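Comments concern the structure below.
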Amino acid sequence: MHFDQRTQRALGEVGLDRDELRAASDAVVEAVRADARELEAFFDAREAVYSDMEKAHSSAEFPEHAVESLDVTTHGPEMRGWLRFESWGAFVEDGRILGEDYVELTLGPPVHARVRFAPDRETLR
């Protein structure tokens with residue numbers, strides 16, 4: 001089961017039994033897997049994306065990034081991976097779907113931030 005002990009206890013206190021806790025845990029795992037597949041498809045479908053990331057060498061409000069790949073793996077409720085652009089990359093610590101053409105990734109080093117990505121700058125406004 002992928003809930004920590006406090007969460008399991010709280011869910012038990014509101015009436016979920018062991019089988020219901022297991023079903024909820026399994027649903028979380030599948031939701032993370034589905035989001036990972038959708039995030040990979042988002043980046044695979046585009047040669048370039050725009051973000052709200054602050055870049056030291058760019059004065060653009062929403063810089064453009066040439067996309068190479070997003071490789072994400074999941075383990076239980078966790079999502080990890082690597083986002084590769086044309087000349088650099090960043091560790092992915094989590095991600096979520098914000099809309100049909102709008103996603104957010106939590107990037108590790110060297111970015112250390114939650115970053116929104118879209119196929120055009122207007123979506124980020």
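Basis for what follows: all heavy atoms, side chains included, without hydrogens, waters or symmetry-related copies. As the structure is a computational prediction, the values presented were derived from the model and not from experiment.
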Roughly how far, to the nearest 0.5 Å, is the CD atom of E47 from the NE2 atom of H65? 15.5 Å

I need the T74 OG1 to R33 CZ distance, nearest 0.5 Å. 5.5 Å

Here the gap from L124 atom CG to Y102 atom OH, rounded to the nearest 0.5 Å, amounts to 6.0 Å

Other residues, nucleotides, ligands: >12 heavy atoms within 6.0 Å of R125 CZ: yes

Given 3.5 Å as the limit, does a donor-acceptor pair link the side chain of R80 with the main chain of E93, or not? yes

Side-chain heavy-atom pair F42, P119 within 4.5 angstrom cut-off: yes

Check whether any side-chain N or O of Q8 sits under 3.5 Å from a backbone N or O of F3 as a donor-acceptor pair, and report yes or no. yes

So which heavy atom on T123 is nearest to which on D101, and how close? CG2-O, 3.9 Å

What distance separates S25 OG from L11 CG, expressed to the nearest 0.5 Å? 10.0 Å

Is a side-chain donor or acceptor of R114 paired with a backbone partner of T106 at a separation under 3.5 angstrom? no

Take the angle between the ring planes of F85 and F117 and call it parallel below 30°, perpendicular above 60°, tilted in between. tilted

Kindly confirm or rule out a cation-pi arrangement of R46 over F43, judged by NZ or CZ under 6.0 Å from the six-membered ring centre and within 45° of its axis? no

Whether the side chain of D35 engages the backbone of R96 through a donor-acceptor N/O pair (distance < 3.5 Å, no angle test) should be reported. no

Do M79 and V103 share a hydrophobic cluster, counting only Ile, Leu, Val, Met, Phe, Trp and Tyr and linking them when any side-chain heavy atoms are less than 4.5 Å apart? yes

Would M53 and L107 count as a side chain to side chain contact (heavy atoms under 4.5 Å, CB included) if you check the C-alpha gap in whole Å, the side-chain angles of each, and the deciding distance to 0.1 Å? CA-CA 10 Å; M53 184 184 334; L107 301 180; 4.1 Å; yes

Is any NZ, NE, NH1 or NH2 atom of the basic residue among R37 and E40 found under 4.0 Å from an Asp or Glu carboxylate oxygen of the other? no

If the test is side-chain contact (heavy atoms from CB on, under 4.5 Å), which one of D71, L39, L70 qualifies with V92? L70

E86, CD: over 12 other non-hydrogen atoms inside 6.0 angstrom: no

